Chemist: 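Could you have a look at this structure, given as structure tokens, before my questions?
Lettering follows sequence order; numbering is per chain, from 1. Owing to the predicted nature of the structure, the values given are computational and were not obtained by experimental measurement.
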2 protein chains.
Amino acid sequence: MRVSASTRERLIETAERLYARQGMEATSLRSITAAAEANLAAIHYHFGSKEALTEEVFSRRLVPINDERLERLDEVEAAAGESAAPLESILEAFLGPALRRSVDPDYADFIRLMGRMYSEPSAALQALIGRQFEGIIRRFSAALARTLSHLPAAEVHWRFHFCVGSMVHTISDPARIERVSGGLCDPSDVEGTTARLIAFLAAGLKAPATTTGRGEP
Amino acid sequence: MRVSASTRERLIETAERLYARQGMEATSLRSITAAAEANLAAIHYHFGSKEALTEEVFSRRLVPINDERLERLDEVEAAAGESAAPLESILEAFLGPALRRSVDPDYADFIRLMGRMYSEPSAALQALIGRQFEGIIRRFSAALARTLSHLPAAEVHWRFHFCVGSMVHTISDPARIERVSGGLCDPSDVEGTTARLIAFLAAGLKAPATTTGRGEP
DNA sequence: GTCTATATCCTGATAGAC
DNA sequence: GTCTATCAGGATATAGAC
């Protein structure tokens, strides 16, 4: 956080940091303004409400990440030409822009927050997430469906859903894997984590189609 | 919720329901006692604090689920005898006890809450989760490592971590997959969801070992 | 065990001086 | 744009009658 940043910017950056570390509900406007060395009234002057500040925190970061995802997917599909893009490349286009930023000091807090945002009860935030990810889900599902053309569309959606879950769990609390593995796993190795995640998810996506469970008559 | 249940039980059941639907921080003691048709002071009489009530909510449900997981794993390993247990059976032992309960009216709310509990900032809750899952993680990691004996221990931990993420994302909000798939996917088909998840995760677990990304000299 | 009443503190939000 | 002071209400927790 630059000391020379404007009050408005400092408030957004501070809110992001505290949201990521303590949760959004647990973070009061007073704690934000105190940490940002600003006045309590400044939040209402610059944003109007806590909810509006929260929307700024998210849209500011989600837009560049999701734009980069779409750019990468464009490149991947262009490189594949007429044929379907490789799963690993599609996954890299989706995971890379988020995972790579998890070690960028400017982005690390938001990436954790991004892992927790799905669990936030705020209806306004869930609506914003829906808007921000609508295009992403449509484009990536379509790309996956082209490569996995032997699978029903619903199956592709399920598997992409499972992929998102693994990613979210991985970025929401990097220290967790270190704890549960007794120190065996090193979450600071982002390249390694990304490679592992892509290998795992690509294999899952390539799994043979399952019967619905009603089979074997 | 039975009308004849004791005040203490009604408070736990109501807290569970409201926690699952609105989040824990967003749920006040007042809203719990109002919905449970009890007095505000009853919570402090029966539990002493909101935190203590929360611990009751979780330990009451986590213990039977995790006990069943360990029982199923015992059965799976006994059936395998000297050889390593099949991945699909290990996954079924882990996922089944949670997923099956997601359609049990008595358990459905808690299963959703279970999907969100990892994102809760409360240190006391995170400590409880750590205690409740310590044995589970140790036993299942060991079982997976036996079957995946060609993989380094750290890799097994990473992949189990990814499995947990997919499950958590799937159970934390059943309606999400229906929304993002435009109604193509039906989360109420629990047997189908479990089969899909197991097939996806088993394939991921079986993926060839990756180099760390430093490879190809 | 259950109740009323209240203590104490914190929340988001606002009015108005500077 | 930034400040002080304050509002109105909600939060957890407690004391003490019944």
Side-chain angles (χ1 to χ4, degrees), chain A residues 1-58 60 113 117 120-128, chain B residues 1-58 60 113 116 120-128:
Chain A
M1 192 180 68
R2 303 177 299 286
V3 274
S4 59
S6 71
T7 298
R8 188 190 145 88
E9 266 186 89
R10 278 200 335 271
L11 288 171
I12 297 179
E13 290 167 3
T14 307
E16 174 180 273
R17 192 174 69 247
L18 296 181
Y19 283 176
R21 299 186 184 180
Q22 329 174 332
M24 283 169 43
E25 289 253 22
T27 302
S28 68
L29 298 186
R30 278 174 173 79
S31 67
I32 296 170
T33 50
E37 295 180 86
N39 189 274
L40 173 59
I43 287 185
H44 293 93
Y45 174 78
H46 286 287
F47 307 98
S49 69
K50 183 181 183 180
E51 193 173 272
L53 165 61
T54 302
E55 296 206 14
E56 282 291 319
V57 167
F58 280 92
R60 177 180 78 128
L113 181 55
M117 71 184 178
E120 291 290 342
S122 153
L125 178 58
Q126 291 306 320
L128 183 140
Chain B
M1 191 179 68
R2 304 177 298 286
V3 276
S4 60
S6 70
T7 298
R8 188 189 146 88
E9 266 186 89
R10 280 202 330 274
L11 288 171
I12 297 178
E13 289 167 2
T14 306
E16 176 180 272
R17 192 174 69 247
L18 296 182
Y19 283 177
R21 299 185 184 181
Q22 328 175 333
M24 284 170 43
E25 289 253 21
T27 302
S28 68
L29 298 186
R30 278 175 174 79
S31 66
I32 296 170
T33 51
E37 294 180 88
N39 189 276
L40 173 59
I43 286 185
H44 292 93
Y45 174 78
H46 286 288
F47 307 99
S49 69
K50 182 182 183 179
E51 192 173 271
L53 164 61
T54 302
E55 296 207 12
E56 283 290 319
V57 167
F58 279 92
R60 177 180 77 128
L113 182 54
R116 294 172 179 234
E120 290 291 341
S122 153
L125 178 58
Q126 292 306 320
L128 182 140

Chemist: If you compare every side-chain N and O of B:H44 against the phosphate oxygens of D:dA13 (OP1, OP2), does one of them come in below 4.0 Å?
Modeler: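 Indeed, a polar side-chain atom of B:H44 lies that close.
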Chemist: Does A:I43 reach a base, just sugar-phosphate, or nothing at all? Heavy atoms under 4.0 Å.
Modeler: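 Nothing: the residue A:I43, judged by heavy atoms under 4.0 Å, touches no strand.
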Chemist: Starting at CG of A:L11 and ending at P of D:dG1, how long is that distance when rounded to a whole Å?
Modeler: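 About 12 Å, once rounded to whole Å.
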Chemist: Minimum heavy-atom separation for B:T33 and B:L40, please, with both atom names.
Modeler: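 Looking at all heavy atoms of both residues, the closest pair is CG2-CA, 3.6 Å.
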Chemist: If I take atom CG from residue A:L29 and atom CZ from residue A:F47, how far apart are they, to the nearest 0.5 angstrom?
Modeler: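 Taking CG in A:L29 and CZ in A:F47, the distance rounds to 10.5 Å.
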Chemist: Atom CZ of B:F47 and atom C1' of C:dG1: how far apart are they, to the nearest Å?
Modeler: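 Answer to the nearest Å: 13 Å.
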Chemist: Report the distance from atom CD1 of A:I32 to atom P of C:dT11, rounded to the nearest whole Å.
Modeler: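 In whole Å, C:dT11 P lies 10 Å from A:I32 CD1.
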Chemist: Using 0.5 Å steps for rounding, measure from the CZ atom of B:R116 to the CD atom of A:E120.
Modeler: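 Reported value, rounded in 0.5 Å steps: 9.0 Å.
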Chemist: To the nearest 0.5 Å, tell me how far A:Y19 OH sits from A:T27 OG1.
Modeler: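 Result: 6.5 Å between the selected atoms.
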Chemist: Identify, between A:G48 and A:S28, the residue whose nearest nucleotide on DNA chain C lies closer to the 5' end.
Modeler: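 Going by which nucleotide is closer to the 5' end, it is A:S28.
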Chemist: C:dT2, OP1 or OP2 - any side-chain N/O from B:H46 closer than 4.0 Å?
Modeler: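 Yes, because at least one side-chain N or O of B:H46 sits under 4.0 Å from OP1 or OP2 of C:dT2.
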Chemist: Between B:T7 and A:A41, name the one whose nearest nucleotide on DNA chain C is closer to the 5' end.
Modeler: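 Looking at the nearest nucleotide for each, B:T7 comes out on the 5' side.
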Chemist: Between atom CG in A:L53 and atom C1' in C:dA13, what is the gap in whole Å?
Modeler: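 Answer to the nearest Å: 14 Å.
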Chemist: For B:E25 and C:dT11, what is the distance between atoms CD and C1' respectively, to the nearest whole Å?
Modeler: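 It is 12 Å, rounded to the nearest whole Å.
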Chemist: Round to a whole Å and report the spacing from NZ of A:K50 to P of C:dC10.
Modeler: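 One finds 15 Å between P of C:dC10 and NZ of A:K50, rounded.
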Chemist: Could you give the CG-to-P distance, from B:L29 to D:dA13, as a whole number of Å?
Modeler: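 In whole Å, D:dA13 P and B:L29 CG are 6 Å from each other.
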Chemist: Ignoring hydrogens and angles, does a donor from either the side chain of A:R30 or the base of C:dG12 sit under 3.5 Å from an acceptor on the other?
Modeler: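 Side chain to base: pair present.
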Chemist: Does D:dG1 have its OP1 or OP2 closer than 4.0 Å to a side-chain nitrogen or oxygen of A:N39?
Modeler: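 For D:dG1, neither OP1 nor OP2 has a side-chain N or O of A:N39 closer than 4.0 Å.
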Chemist: Round to a whole Å and report the spacing from CG of A:L40 to C1' of D:dC3.
Modeler: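 Checked: the CG to C1' distance equals 11 Å.
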Chemist: Search all heavy atoms of B:A5 against all heavy atoms of B:R10 and return the closest pair with its distance.
Modeler: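 Heavy-atom minimum between the residues: O-NH1, 3.3 Å.
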